[in-house]
Structures are given as C-alpha cells and as structure tokens.
Amino acid sequence: MKQPSRRLLWIVLLFSATAVAEPAPRVWGETAMTKIRPDAEPGPQAALQLIAARNEFVSFQVGLHGGRAGLTGVRASLDALEGPGRIEGHAITLYQETFLDISTCSTPDSEVGRWPDGLIPDRDESVGEKRQAFPFDVPAGEARAIWVDVLVPKDAPPGHYKGTVRVTADNGLQAKVQVHLTVVDALMPSTASLRTAFLLWPPHVCRAYTGTPECSEETLVPLLQMFHRIALEHRISLASAFPRLPGEATWNLPDWETFEQNWGPFLDGTAPSRLEGARMTSWQYLGPATAEGLAQFQEEARRRDWLSRAFDYVGDEPPYGISFDAVKKRATLSRQAAPEVRTLLTSTVQDLEKYQLVDLIDTIVVLVNYLDGTKPPYVGNQVEHYQDFLSLPHRELWTYQSCMSHGCAADDAPPENQPGQGWPSYMVDRPATKARAQEWVSFLAGATGELYYQTVGMLSTAWTNQYRFRGNGDGTLFYPGTPARIGGTTNVPVPSIRLKLIRLGIQDFEWLKAVSDAGDPAFARGVAQRLIPTAWHVPDDGAAFDEARLCLIRRYLELEGKRDVDPELSARCLGSADSASQPGP
C-alpha cells in the first residue's frame, strides 16, 4: 500500500489542528454592569447569582460571541423563575441590545466605535406588542448581548428561585444560562423615596414620531402617557412632560378637568403600572409668569392633593441661563402668589447668600461638581455649607450632573476622568458605573432629590446620533420605538441601557435609606463612602457596586431580624458589619 507523502500528512495534520482550534460560538451570563461591545471576549459565567427584594427590578445580560463562523437567527427566552412561587409573564422582559456608533468621544479616555445602549424589546412594556428583538445575527468574531429585566412581584414568597435563559440559532446552537435569584424578605416601595424631576420637551417627541415639532394632542397625549408610565417603572418622574402651547415653553391655564383625566393617574398612583401604585414625586408649573396663573395652579394642586410635589422652576444656572435679578423677580412673584408651591433653582448656597435669595428658594439643586469639587471655590466636600439653609422650614437639597462631568467646552474635560475613577455621568461611552453613581452621591450629601434637564433632547436621531453638549447621550435617555425600527404596529417609547442603570442607582438609594431607617445610618454611610470616596472618584468596577448593595441588603436583614441571604452571597460583602459601621474616608 502506498504511504502518504510527508507533505500531504503535514497538510492533513495542519487542517485537523486548525479545525480543533477554530473558535466556536459562545454564550455566557453577564451582570448589568458590563457594557458588552463588539470586541468583547466571552465571559466565564455559566450561571448568574442574583438577589432582590419584592417589588424590585433586577437586571442582567446574556452575552453571545459569534466565534469563527458567526451566528444567524439568534432567539432567546426566559419562561419563568420558579421557587416558592413563580415569576413569569409581564414581570420578565428580554431585549436585543443595539449599538450607537460613536465618532467623537465624550471624554479623552473613552473610545470611538460602537457602544451598547438602545434596546429592542421582545414584547414592549407599553402596549405589550410583540416586537423584533428576535431573531438577530452575531457576526463572526464579534459579540452581542441580550438584556433581561425581572420584576420580583410584591407577593413573591421569599426564597430561592431558578430559571433558564435558552438561546438557539440557525446553525443548531442550543445554549443555556442558569439564573439563580434569591428573593429576600423585604418590600421596595413603588414610589421612589428619592424625588426626581427629569424634564421632557414635548416638541422633541412630536418630531421623533411625526417628523415635525408640532403634533395634535390626539397624537401627543397618548405618547406622553406612555413616556410617563415607562419613567415611573424606571422610578423617575417626568415633571414637565405635558403638552404646551404651539411653539411655546408654557401652557395656557389648562382645563383642569381634562388635565386631571389625562395626567391625574400618574400623580395619584392609579395609572396602570407594573409598579403598582407608583406616582410622580414632582411636577412643574408650566403656566405663564403671572400671579393669576400661579395662584390658580396652587389652588388646583391643593384640591387634588398634589401640592406637596408641585414646584416652580424660577431659574436655571444663573448667571448663565438667567440673571440673578430675574431669578429674584420670578421667585418673589411665586412667593407672593403661590407661597405653598416650592420654588426651585439650580445654584449654590454661596450664590443664594450673595444675591439675597435664601428666603426665596425652597429647593436648591446643586451641580455635583460644586457639591464635592476639585476646582475653586468648591474644592472638597461642600455639604457643611448647606446646613444653615437646610435648617430653615421646608428646605431641600437636590443634586444634578451635567456636561461638566465630561466637559462642556472644547479642551475642558475634567482631569479626574481617568480609568478607574471619574464623575457620575449619563453618557453612552462611559462605564456603566458612572450612570449608577449619582444616587449614591446624593445619599452621601443628604440630598432628597435629583434633577435632569432633558430626557428626549435628540430623540429623533437617537438610534444613530446623540452627540450633544460635547457628550454622547447628554439629555437623551429614551429611544423612539417606531414600528419601522422595532417592529409591531404602535409607536412606543423605548428605554436606554443608561435609564436602566439609573434605576439601579435609585434602587440602591432605597437600600441605603432602608438601612439608615432601620437604625444603622453609619453602616450605610460607610458602605457608600468606601464605594465612592469623593464625587469624582466613581470606580469603573461594576462588581464593587453589586457587592456594596449586597452589604446593605445583608445589614438590613440583620437589623430587621430576618433570615440572612446565602453565606456564599454574603461572603462577597465588602468588609464586616463592624468595619462598615465606621465612618468612611
């Protein structure tokens, strides 16, 4: 028998070795705190360990890598989580993650290229229509991801739940990611304890869905109602999301019966929602700057028990957005005409004192960079300067982040934005931790609310371009869910990954507050300070946020005399209860 030549044998061996080494497609479980970009390497996790209270959202990801050949026709499902009870149906939402292709970075240490942020739902949250999340393809040599939300029902029995995310593809791939969820004996409130006023400019909504900035109320009202519902389910309030006069920033004195019919359910907590009873924590006066308008607003708000959440935004960032003289004039008018409507101003206590505004402002909203800063005159923690203001009746301190977290002007990027640290930020091309951090900073400052200037600033181009105020995503937290983009037949709003990360931060605030209210505020403060020593030192490590949250959950259960979480989960807690009770740096 003729023997094969050495050259032929070498070719056969080389082909066999190549076939063995050919990377196969991979599927893995990932936490919510990693942004899975196209060049991501497969992760090691075959199973996910999660923990949550009743009425709390928990989120995670399923990563996919196409390997050498890629994947086509990818589909995924999570039918239920089963344990002492069963979590299923509308409590579980799967999304396909999409990329925003970024050509100009928000910060010098960021990278151009594709970043995950947009979400296409399998079945949308607003009207429950089947959308086109699946199937999708994963190109050869690239990674993609699926985002999964699970809302633990209010009546879910505490205990251990288990489920399986099943992933299939046209090439015969069948993969599973095991999900283990521990439901603890605690109930998270439907209405957030941290008050929020996230603003929305309706003409941006009209433009995104109709192509023009002006649309009829028959079109706009149902859309805005869906935005309100999605916002409340992400534990924020769209304080200004109401129709305005065409081409104007204000409304006429409204027909209050119609207003109550359209918007009352969101203020009263009776609107349909997966967070039963969730209600807005703030709403803005949008009428004319007249004594008549303000007085009527106060009276109508009082009649409907909405007065404690009403505010008049008397000025934004003086002297840049408005002069201090104009602020004083508007705040004086508001005080005289509607003294029970809270006046709100973005400023600092130093400027309130300098311009004699202390007696005219109820809620001062302070830029995070000025509350714990690195530049004169706000170097270091400034909280002590607000104590006299807060000692006055009905005063509140709120916080906000802005383009100053990445640099509002050319060549003005904050030098603190280095790998491993930086400011809270809602930009797409920043680590996931930056979008989860603002509420931790608010807790450390003793703040009771958060303002965000806009949520739909570039809604009409959100899927392709969100570069605004030198940042990607500045003022845009939603995507337009048009049938052309996500399938189905109905226009709906779609949340971003960043909005979901903000919800995680707001839920973290609930745990910080729960531990404090249960009797150990020093523990809560210690955990927060170790995680974020200064406002400009937000770590990039997503696991650190999850571990800090686990510390809070464990301590809350101890304080309430309830059964602890699994020892395996508790072992990941940052430090012991004794060390966590000590003040942080």
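All residue numbers refer to positions in the sequence shown, counting from 1.
Considering only residues two or more places apart in sequence or on other chains, E340 meets the side-chain hydrogen bond (donor to acceptor under 3.5 Å, both in side chains) condition with R302. Scanning for side chain to side chain contact (heavy atoms under 4.5 Å, CB included) contacts around R549 gives I51, A52, E56, R436, D508, W511, I553, with sequence neighbours left out. Residues forming a salt bridge (charged side-chain N to carboxylate O under 4.0 Å, His left out) with R235 (at least two apart in sequence, or on another chain): none. For R131, the salt bridge (charged side-chain N to carboxylate O under 4.0 Å, His left out) partners two or more places apart in sequence, or in a different chain, are D124, E129. Scored by the side chain to side chain contact (heavy atoms under 4.5 Å, CB included) test, S216 finds E218, T219 as partners (sequence neighbours excluded). Listed by chain and residue number, nothing satisfies the ring-ring contact (aromatic ring centres under 6.0 Å, His included) test with Y161 (two or more places apart in sequence, or in another chain). Scored by the salt bridge (charged side-chain N to carboxylate O under 4.0 Å, His left out) test, E510 finds no partners at all (sequence neighbours excluded). For E260, the side-chain hydrogen bond (donor to acceptor under 3.5 Å, both in side chains) partners are R304, not counting sequence neighbours. With sequence neighbours left out, P288 forms a side chain to side chain contact (heavy atoms under 4.5 Å, CB included) with L253, Y285, T290. Applying the side-chain hydrogen bond (donor to acceptor under 3.5 Å, both in side chains) rule to S282 yields no partners; only residues at least two apart in sequence or on another chain are considered.
Counting non-hydrogen atoms of neighbouring residues, nucleotides and ligands closer than 6.0 angstrom, the CD atom of Q350 exceeds 12 such neighbours. Heavy-atom contacts from other residues, nucleotides or ligands closer than 6.0 Å to NZ of K513 number 12 or fewer. For K329, the NZ atom counts as loosely surrounded, since its 6.0 Å shell holds 12 or fewer non-hydrogen atoms of other residues, nucleotides or ligands. The 12-atom threshold is not exceeded at NZ of K354, counting heavy atoms of other residues, nucleotides or ligands nearer than 6.0 Å. Environment of CD in E292: sparse, with no more than 12 heavy atoms of neighbouring residues, nucleotides or ligands closer than 6.0 Å.
Scanning all heavy atoms of the two residues, the minimum distance from P202 to L220 falls at CB-CD2, 4.0 Å. Between D474 and C403, the shortest heavy-atom distance links the atoms OD2-CB, 3.4 Å. The minimum heavy-atom distance linking V152 with A53 is given by the pair CB-O, 3.4 Å. The shortest heavy-atom contact between L232 and S237 is CD2-OG, 4.3 Å. Nearest heavy-atom pair across H385 and V349 is O-CG1, 3.5 Å. Of all heavy-atom pairs spanning W398 and A197, the tightest one is CZ3-CB, 3.7 Å.
Side-chain contact, S106 with N472: a donor N or O sits under 3.5 Å from an acceptor N or O.
For F198 and Y453, the gap between ring centers reaches or exceeds 6.0 Å.
For the ring-ring contact (aromatic ring centres under 6.0 Å, His included) condition, the pairs that include at least one residue of residues 302-340, sequence neighbours left out, are W283-W306, F324-Y355. The stretch residues 195-235 participates, sequence neighbours left out, in these disulfide bond (SG atoms under 2.5 Å apart) pairs: C206-C215.
Residues E396 and R342 are paired through a salt bridge, judged by an N-O separation under 4.0 Å between the basic side chain and the carboxylate. A salt bridge links R229 with E233: at least one charged nitrogen is closer than 4.0 Å to a carboxylate oxygen. Ion pairing between a basic and an acidic side chain is recognised when a charged N comes within 4.0 Å of a carboxylate O; R395 and D388 show no such pairing. Taking a cutoff of 4.0 Å between a charged side-chain nitrogen and a carboxylate oxygen, R335 and D362 qualify as a salt bridge. With respect to R54 and D155, no salt bridge is recorded, no charged nitrogen being found less than 4.0 Å from a carboxylate O.
Between L352 and L345 there is a side-chain heavy-atom pair separated by less than 4.5 Å.
Under the 30°/60° scheme for interplanar angles, the aromatic rings of W263 and F266 are found to be tilted. Ring geometry for W251 versus W256: interplanar angle over 60°, hence perpendicular rather than tilted (30 to 60°).
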inquiry  = Applying salt bridge (charged side-chain N to carboxylate O under 4.0 Å, His left out) to R503 and D149, what does each step give before you reach the verdict?
reply    = CA-CA 11 Å; R503 178 170 64 191; D149 277 347; 3.0 Å; yes
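For the pair Y452 (side chain) and Y426 (backbone), a donor-acceptor distance under 3.5 Å is absent.
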